[in-house]
Protein chains: 2
Amino acid sequence: MNNTRFATAIHILTLLAKAGDEWVSSDWIAGSININPAMVRKEMSVLQNAGLVVGRKGKEGGSKLNLSQNEISLADVYIAVKNSEVLGKKNLHTSAKCPVGKVINKKLDGIFSETDDLVISSLRKKTLSSFVKQF
Amino acid sequence: MNNTRFATAIHILTLLAKAGDEWVSSDWIAGSININPAMVRKEMSVLQNAGLVVGRKGKEGGSKLNLSQNEISLADVYIAVKNSEVLGKKNLHTSAKCPVGKVINKKLDGIFSETDDLVISSLRKKTLSSFVKQF
DNA sequence: TTTAATTGTAACAAAAAATATTACAATTAT
DNA sequence: ATAATTGTAATATTTTTTGTTACAATTAAA
């Protein structure tokens, strides 16, 4: 996760949460994060696929939450945006001739997925609602 | 951590652990991981700075562990190689005019560092020794 | 019905990060 | 002396991330 996707997603969802029932435009959100509106729409598309938000095209269009704030956990957000394991990538192409190289990825798998699970179950306890309350 | 540095470091340390008191060359390690020897030496340099290994130049040179296997925790390794927080980067340049944009990074800090701490304390319980025993 | 605003998405560009390669001075055992 | 090796710098290449531009499709409202 050497990217801003989680931070961006949380920022988006926080603005939507605070907007309540209104449709919020990608342009307005982009202004708050200070990134390109198209980037907002790309990430919004991911959040839509995860079922967290809904969008509407056309004049007076925009996005809003598809669930109530306390039905959305930060784990839902993390899972939607994550594109690598917490501990990173493995070396593919390790040597089949070396007793260590041959099996190390299988051994690393345990630690890697255990670590991912740990993070997810921790984030599972945190809701968008409780995060937004801080503002 | 969208890189292979943790996996590479663990691979290196596993080979050193299995080699016991011998000096292991970067060339040999590189062959097991299937990466360039200079990459191994770069990462080795990081592990040296962390006090986990020692190197020796010259003919018959190489590297070996500086501590016993059960004095090295996977947290030590993670800390040595990590270059981003688990949940990624924050958006710098968020809008000072927006009540959310203005303070969101401070609020994210809490979640970000809590998550990092969680991962580190989990890895703290795992030793190189117990990992290496699997081979 | 026309106009204006907006999404959703694709295609492309640019910047940043990760990985790979090459080279070589310094060092050390033989 | 010779050969092998590290440590590191410089550079190149590849991959990932971020940014930009464009536009068809859609929708509300004038």
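Order of the sequence lines fixes the chain letters, A, B, ..., with proteins taken first and strands second; residue numbering starts at 1 for each chain. FYI, side chains are in, hydrogens and waters are out, and symmetry mates aren't considered; it's all heavy atoms of this structure. Please read all numbers here as calculations on a predicted model, not as lab measurements.
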Starting from [atom2] on [N], measure out to [atom1] on [X] and report it in whole angstrom.
X: B/Met39; N: D/dA12; atom1: CE; atom2: C1'; answer: 13 Å
X: A/Leu92; N: C/dA18; atom1: CG; atom2: C1'; answer: 14 Å
X: A/Ile12; N: C/dG8; atom1: CD1; atom2: P; answer: 11 Å
X: B/Trp23; N: C/dT28; atom1: CH2; atom2: C1'; answer: 11 Å
X: B/Lys89; N: C/dA15; atom1: NZ; atom2: P; answer: 15 Å
X: B/Glu43; N: D/dT6; atom1: CD; atom2: C1'; answer: 16 Å
X: A/Arg5; N: D/dT17; atom1: CZ; atom2: C1'; answer: 10 Å
X: A/Ile35; N: D/dT18; atom1: CD1; atom2: C1'; answer: 9 Å

Specify the residue among A/Lys57 and A/Lys42 whose closest nucleotide of DNA chain D lies further upstream toward the 5′ end. A/Lys42
Along DNA chain D (nearest heavy atom to each residue), the more 5'-positioned of A/Met1 and B/Met44: B/Met44
Side-chain N,O ([X]) to OP1/OP2 ([N]) below 4.0 Å:
X: A/Arg41; N: C/dG8; value: no
X: B/Ser45; N: D/dT8; value: yes
X: B/Arg56; N: C/dA29; value: yes
X: A/Asn83; N: D/dT17; value: yes
X: A/Asn2; N: C/dA17; value: no
X: A/Gln48; N: C/dG8; value: yes
X: B/Ser25; N: D/dT5; value: no
X: A/Thr4; N: D/dT17; value: no

Measure from the side-chain N and O atoms of B/Asn49 to the backbone N and O of B/Val46, and report whether any donor-acceptor pair falls under 3.5 Å. no
Which of these, B/Val24, B/Ile29, B/Thr8, sits in a side chain to side chain contact (heavy atoms under 4.5 Å, CB included) with B/Val40? B/Ile29
What's B/Asn36 touching, base or sugar-phosphate or nothing? Going by heavy atoms closer than 4.0 Å. base
Remember a base hit wins even if backbone is also touched, and classify B/Ser63 as base, sugar-phosphate or nothing at under 4.0 Å, heavy atoms. nothing
Just distance, no hydrogens or angles: give the donor-acceptor pairs under 3.5 Å from side chains in residues 97-106 of chain B, sequence neighbours left out.
residue  : atom : partner : partner atom : Å
B/Asn105 : ND2  : B/Asn91 : O            : 3.0

Quick one: do the B/Ser45 and B/Gln48 side chains pair a donor with an acceptor below 3.5 Å? no
Presence of salt bridge, B/Glu43 and B/Arg5, under 4.0 angstrom: yes
